[in-house]
Q: 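One structure coming up, written as structure tokens, with questions to follow.
Just so you know, these numbers use all the heavy atoms, side chains as well, and skip hydrogens, waters and symmetry mates. In the text below, chain A, chain B and the rest are named by the order of the sequence lines, each starting its count at 1. Predicted model only: the values in this text are computed from it and were never measured.
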Amino acid sequence: MMTTEAASQVYEDTWIPSACGMCYNQCGIRGHRIDGTLVKVEGNPDNPIGRGRLCARGLAGIQLLYDPHRVNRPLRRTNPEKAIGGDPGWQEIGWDEALDEITTRLKAVREEDPRGLYFAGTVISLAPLMHALGTFLPAFGTPNSFVSDGHHCGNAEHILARTLHASVTTNPDVAHCSYLLLFGCQAGLGTYYALTTMAQDVADARIRGMKVVAIDPFLGSAAEKADEWVPIKPGSDGALACAMLNLLLNEYELYDADYLRDHADGPYLLTEDGWYARDRESGRPLVWDANAAYARPFDATDLGTVALDGVYQVDGRPCRTVFRALREQVAKWTPEAAAEVTTVSAETIRKIAREFGEAASIGKTIVIDGQELPHRAASALYFKGAHGHDNAWSTSLAIELLNEVIGASNVPGGLLGTNPVCFGHPETGFPRWEPGADVDGLLEAGALLYNDPHGRSPGWPPPPTSAELPNLRDLVGWPITTCFTPAALNDHENFSFDHRPEVLINYGSNLLMSAARPEVCFEAFKDTFVICFNLHSDETAEALADIVLPDTSYLERLDPIPNFTRHHHPVGMGDWGHTIRQPMVEPLFERRHFSEVLLELGGRLGITEPMNLLTNHLYGLVAPHALAPDEQYTWREIADHAYKGWFGEERGLDWFEEQGVITWPKKVEEVYWKPFIHARAPLYNEWVKRSGEQVAKIAQERGMKGIDTEGFVPLPDWKPCRAWKPRDGYDLQAIYYRVPWHTFSMTYENPWLDEISRGEPYSYFVCINTATAHAKGIADGDPIEVEGVDGGTIRGRARLTQGVHPEVLAVANNGGHWAQGMPFARGKGVFFNQLLPMDLEHTDLVSLSMDCDARVRVQKVPEA
Amino acid sequence: MGERIDWRTGETMAFPDRLDLQRQDLSQVYRPQREWIDGRGLLIVIAHFFSGIGAGAWLWSTLYDFPMGQALAIGCVIGLSGVAHMAFLGRWDRFWRMLRRPHQSWISRGIWSIGIFGLAAVASMLPAVRDSAAAPVVLGLSVLAATAILLYEGFVYAASRAIPFWRTRLLPVLYIAYGLRGGAALLLAVAAFGGSGFDVRAVEVIKLWVVVSTAVLILLYLVSSTRSGGAARESVAQLVAGRISPAFYGGTVLAGIVAPIALALSRDALGLPELVLLGAIGLASLVGDFYVKYCIVKAGVYVPLVAAEGVGSPG
Amino acid sequence: MRLGMVIDLKRCIGCYGCQIACKAEHGTRPGTTYARVVKREWGVYPNVKKLSIPVLCMHCAEPPCVEVCPTGASQKRSEDGIVFVESDFCVGCRACVMSCPYGARYFQDEQRDYFDTGENEYEQALYAAHQAGVVEKCDFCRHRLEQGQEPACSANCMCKARIFGDLEDPNSEVSRLIREEGGFQLNPELGTDPSVYYLPPDR
Amino acid sequence: MRVRVKLHGGVRSCEMDPARSSFGLTLRNGGNAGDLLHALAERCGDPFRRALDSTDERLPRHLRLFVDGEMLVTLDQPVVPANGSDAGVTVVVLTPMMGG
């Protein structure tokens, strides 16, 4: 801290409110700048995201801003030979030279075929990513964008968050919850959405008495704090969830009949071949009217009491209700069957299922802000640990239905969608979005990532039409993101595209390390002109990039809407908050903001008009704040327009630069919206069954092998993922886990965060169960080699621990760097993704989730 | 492990960083102390060794009126130990500040005693003072200060509440004993290798040295065996079986105890002249004297922050 | 007044936020972590217990570090009990490091930097307040207390696991928690009477 | 009544020569978005023709029709002012969107 004497010669001492960028949560921060130097970054108490508190990464951002190993000037490759781990021979060039060459290449691509431009981006810098995906790329005319860390992405969970919660993702309402079940997830206990706020709320809830059960192969930070750690075999969470559903529905009869009847498609009748039975004239799904004793459309007037369970004759054919179909579907998953698959004892499965069902306190209500609401004080949450496998869809569906059957969905205590309803600022009523019901009475999400003027997103999920896009958006168009593009480009057998990647713009993602083994992305783009907007010269840039452009860190740039005020905003009661990310210091050296470069490129390419129109669409701007089509705006002007469009004339850019964040209280109808919005949660996924058939037809027409639509199941089931069965000597499964002080490559280059790992026992090591290690003659600290059955070998040092399943090796994510431009991160931690191939065989086609665990064997290697 | 592995080639790249050792230490249940032994820390052990044998030598050479021994003692305490102390300190330019807390800090008392000893000892050697009436007073003062030096060193370690292995009344007594033994050994070594005028006394000194050595043996046993509590037991374990055992067995036991005895027993077999033999015994003892202090300081282990078997709430 | 802190081991998830909040606030050099986290593991699979224990200077009522310090650099403020080092007096003899049972003192030997290219702009600004060859420690963020703020570690803790207050005020939050939630000290048998209390993790 | 149309975005997916991405269309006076869609389907084929068979009364998400900067949302929304004066229409064919 500045001693008092030093402080006396201070000329400038200001605090600047902004938003963090060390992970995708964009928490509220404020920076302390003295005489032009940023001396402290801490939480911003006025910002509801974090409420003045940060995790270790947020506080360490200063060492990213002033990291001497940052790329500070545009670099051009001089070594024509591209290789993983090769030396690119960087030569510094000017921005004009770089942009001129980029413009000529992009013009040529756009003339010849705009689909030649590929784009990959990191979700950490959410706002600039959205700006590219929402305006530049569609205006340019290319569909070929993908998010490289799709491997870490929610994939299947995002689909169900949309169908059942009308949002991008979910978070438990811990304020009213008394039993939290975590499947492979560390919400508020280590990582996940709105971490800095959820950590406060989860801790408060646990002190109040909320019980936490962590189902995870590794004793990470969630299992450490949980009241009960349930070690499970990786990839078998779906079987456990199916068994719990079976117990709740068929044995303990612990389910919320009213919710399932009125707020879900429980009573809808299903024909024998698995489609909704529909009314002949209106085409609406039929339900059984017990009084009239015949099937009638779900929205018929003066409908009698509707049957939730049972089999009924419709047009002479037996039809089961969806609820009955669900009960029968999970009946085969007895606790004993699940115990054999998951290595979790049947007795533990019974205990957890009963505790979960009883904690839900079905039938109880609670009054919040004068509104009486159903109170379901139990919630089951899951993320990559549970669904990072090629059975992702059915696993996610099984766990999601645990919340649905007890009615704990979008009500106090249950699993909430991340802010799917917003009535907007009291003075302007903007931004505004809310879900509704579609023609079948089923839940249809409101605008998700973009401010869709419809307020809703019609035509979702889009039917499969073809297989001509490398990111499979036309074949599998409903997952929110994918990292599959490189795999499709490499799979010449199944995919033939009538265009090749001519130019790849990579915004800040370390493709080679974040998706799968580096050979996948390298193979796909080795003949492509690659442009990287990077903070460091990382592995991807050194292997592939022809030009590297110095990007600004989040402390040096303006982003008017850092997190879209939605899925990274805390759930539950409290305040809405809309914050600004503004530069704490002017960009150092020749670093430039990606969005500003896009505007300049748009101007040079003559696509400013569509970009402006799409910006209006992206930010939901209407006259008088909409951008005029043919004007070339600066990034600051666009920000000003956006703020005034949302919050009124007097709250433009300068207001936000001064205030930093605008907050207004949430209404109870926004937070616990299910009782207020009559739209039924689809337990049965007819669209998945239909899409499966269409995908199979397209695949058959195009003669594609490896397209397995067996996973397109409308109701949950479990099948083993590829890494599940032991094979000739490969007796273990390797998984990766996340730690609260690392995100991706960027944090490994941060000295303060690296110092944590160097003093912490586990994260730079390969964790192996003590008994398993002794059986293999491995001692603590020994150098070991882990070889995957699908190829790929990783090396590291063993850390013997009792806190991991005996058949599992656990590695912290994203270690093991080798780039020359990251001297700090080089050689630290273990590079897990080398074990992961990326192809159709290892991918759940419904959700494009990759198998994130590998069947491996481990052996000691001589001391290097 | 303080090194990186380039997983692609398997080549390891050490990042030699003492701090990494410190970070690993901080995560151990039993954290060894390193500040007073590793790197510049070794200087404090050297300083305490020389001030110990110096004070011991001053006492014996004053008792037997051996001026050369006395000069040597002053050289050890003020010269060697003083320089080592200064080189060890982080900010030696402020060393005089160490005089400010004699009422509570043993180190403060130590520097006072070294200071007074330095003045008194040098004064007592000056012919002007030696012949004046004050001679006995100055000499007495120097003897007192020398005894204080022997005393304070042990207490510096015993005062460290964080390191149970040092926290025993026996340690100061052990340091006094080793100081006296070291002093005698120094004189023997000097006598044997050219210290004229002292040879006749060598025989008494060796008897004296034997007596003190036996006391040392008993104390050493007591210090290591009567320890209870995790950290102290861990220190002993490291001493006798752990990372410090080579220095302990090689230095303290072999050189310090076995070698002198062996030399003494095989006196006629070796056929060395009397004095040279005594000198060798002295030298061996000096090595032992250094290593006993080295081992005790290196074996210091902090009390565990969190007990090995878990953190609980007492009561 | 006797300032102290209660650390709730049930809340703390071991995210190292306190370690970095302190480092960012004081601008300490590599290896110097006034606030840090110790990770422990007990038991045998599957009955395993892990625990994160945040530690810092305990600002003891009977500080052994002040007792052994020959120069008077280590002092304890009578008005609030904060133990701190007056850097200008410290001679770097490290006796205090030897006598602190909680590993809360860090000797600044040769001045190392995090990056191989020397101090960056942030480090130049913050390292100016630190001296070489002296011992440093946590001082409960005296400069923040003067502005009426909490220490950086407790103000930032995202689990609200660090509660700061006056131990001598019976109705302060810290006193209440210690009384009602079974607050305990680390190594009480050493007689240093630490001002930092811990709440048991499984209560 | 003539309408100047400028095509942007995924023009490649339109079955026409991308070079001529701006052209004129004639619509009946007071024509609405539905009429514009039919005219575009006739002239350019897919993706406009495929959009016609959706039963939703709102324009599909992957087609953005802007009239003088204003976005058309529903099929019955007027494109051409009743007095028959010309209008400029910018059509952006959105590529399937993806987010973080």
Side-chain angles (χ1 to χ4, degrees), chain A residues 1-4 6 34-35 37-43 50 52-56 59-60 62-63 65-69 189-190 195-196 199-200 202-204 206-207 219 221 223-225 227 229 231 740-741 751-753 755-756 759-762 769-771 801-806 823-824, chain C residues 8 10-21 23-27 30-31 33 36-52 113-118 120-126 128-129 141-144 146 152 155-161 181 201-203:
Chain A
M1 66 292 173
M2 307 295 283
T3 54
T4 42
I34 295 179
D35 292 350
T37 299
L38 194 60
V39 294
K40 178 81 189 301
V41 169
E42 58 186 45
R53 298 164 186 268
L54 293 180
C55 74
L59 296 155
I62 271 187
Q63 293 287 21
L65 173 67
Y66 293 120
D67 180 349
H69 304 301
L189 293 170
L195 171 63
T196 52
Q200 298 170 48
V202 166
D204 290 346
R206 284 179 50 243
I207 295 295
L219 187 57
S221 39
E224 174 183 326
K225 302 319 290 184
D227 301 277
W229 172 43
W741 59 89
W752 286 353
L753 302 177
E755 186 169 41
I756 294 176
E760 189 260 355
Y762 306 102
N769 182 285
T770 307
T801 171
Q802 299 287 351
V804 71
H805 192 284
F824 218 91
Chain C
D8 188 339
K10 176 161 187 163
R11 283 176 171 269
C12 168
I13 61 172
C15 76
Y16 290 88
C18 47
Q19 178 167 320
I20 303 299
K23 181 163 277 293
E25 179 75 29
H26 292 274
T33 47
R36 62 189 170 87
V37 180
V38 173
K39 298 255 180 178
R40 283 287 181 276
E41 173 187 314
W42 295 284
V44 177
Y45 180 85
N47 317 319
V48 199
K49 246 308 178 203
K50 263 191 188 171
L51 191 61
S52 305
D113 302 317
Y114 276 106
F115 293 104
D116 47 13
T117 50
N120 63 26
E121 192 174 334
Y122 163 82
E123 287 166 327
Q124 276 157 21
L126 270 289
C141 282
R142 284 177 297 169
H143 64 291
R144 287 175 66 99
E146 281 152 24
N156 179 76
C157 176
M158 71 174 185
C159 298
K160 296 194 284 188
E181 302 286 338
D202 30 28
R203 60 185 194 277

Q: Can you tell me which of A:L195, A:V202, A:V41 forms the most heavy-atom pairs within a distance under 4.5 Å of chain C?
A: A:L195

Q: Let me know if A:V804 has heavy atoms under 4.5 Å from chain C in its side chain, its backbone, both or neither.
A: backbone

Q: Quick check for you: among A:G52, A:A223, A:A199, which has the greatest number of heavy-atom pairs under 4.5 Å with chain C?
A: A:A199

Q: Could you tell me which of C:C18, C:A152, C:S52, C:G118 has the largest number of non-hydrogen atom pairs under 4.5 Å with chain A?
A: C:S52

Q: Given that the side chain runs from C-beta out, which part of A:H69 has a heavy atom under 4.5 Å from chain C: side chain, backbone, both or neither?
A: side chain

Q: Residues two or more places apart in sequence or in another chain: which of them pass salt bridge (Lys or Arg N to Asp or Glu O under 4.0 Å) with A:E42?
A: A:R30, A:K40, C:R144

Q: Taking the side chain from C:Q19 and the backbone from A:I756, do they hold a donor-acceptor pair closer than 3.5 Å?
A: no

Q: Calculate, to the nearest 0.5 Å, the distance between atoms NZ and CG belonging to A:K225 and C:L51 respectively.
A: 5.5 Å

Q: Just how far is it from atom OH of A:Y66 to atom OH of C:Y122, taken to the nearest 0.5 Å?
A: 10.5 Å

Q: NZ/C:K49 to CD/A:E224 distance, rounded to the nearest 0.5 angstrom?
A: 7.5 Å

Q: Could you report the tightest heavy-atom contact between C:A125 and A:T37, atom names first, then the distance?
A: CB-CG2, 4.2 Å

Q: Is it the side chain or the backbone of A:T770 that comes within 4.5 Å of chain C heavy atoms, both, or neither?
A: neither

Q: Counting heavy-atom pairs closer than 4.5 Å to chain C, which one of A:N769, A:D227, A:L189 comes out on top?
A: A:L189

Q: Can you confirm whether C:N120 sits close enough to A:Q63 that some side-chain heavy atom of one is under 4.5 Å from a side-chain heavy atom of the other?
A: yes

Q: Going by salt bridge (Lys or Arg N to Asp or Glu O under 4.0 Å), name the residues that satisfy it together with A:D204, two or more places apart in sequence or in a different chain.
A: C:R11, C:K160

Q: Less than 4.5 Å to any heavy atom of chain A: does that hold for the side chain of C:Q124, its backbone, both, or neither?
A: neither

Q: For C:C141, is it the side chain, the backbone, both or neither that has a heavy atom under 4.5 Å from a heavy atom of chain A?
A: neither

Q: Need one label for A:L38: side chain, backbone, both or neither, based on atoms under 4.5 Å from any heavy atom in chain C.
A: backbone

Q: With a 4.5 angstrom heavy-atom cut-off, could you sort out which part of A:D67 is near chain C: side chain, backbone, both or neither?
A: both

Q: Quick one: which of C:V48, C:D8, C:V37, C:N47 has the most heavy-atom pairs under 4.5 Å with chain A, could you say?
A: C:V48

Q: Treating C:E41 as the side-chain partner and A:Q802 as the backbone partner, does any N or O pair qualify as donor plus acceptor under 3.5 Å?
A: yes

Q: Can you tell which part of C:A128 gets under 4.5 Å to a heavy atom of chain A, answering side chain, backbone, both or neither?
A: neither

Q: Counting heavy-atom pairs closer than 4.5 Å to chain C, which one of A:I62, A:I207, A:L65 comes out on top?
A: A:I207

Q: Give a yes or no on whether the backbone of A:L219 and the side-chain of C:K50 come within a donor-acceptor separation of less than 3.5 Å.
A: yes

Q: Could you state the interatomic distance from CZ (A:R53) to SG (C:C15), rounded to the nearest 0.5 Å?
A: 11.0 Å

Q: Using a cut-off of under 4.5 Å on heavy-atom pairs, state which of A:S221, A:P68, A:P740 scores highest against chain C.
A: A:P68

Q: Would you kindly say whether A:E755 and C:Y114 are connected by a side-chain donor-acceptor distance under 3.5 Å?
A: yes

Q: Examine whether an atom of C:A155 lies under 4.5 Å from a heavy atom of chain A, and if so say whether it belongs to the side chain, the backbone or both; otherwise answer neither.
A: backbone

Q: Contact part of A:W229 toward chain C, heavy-atom cut-off under 4.5 Å: side chain, backbone, both or neither?
A: side chain

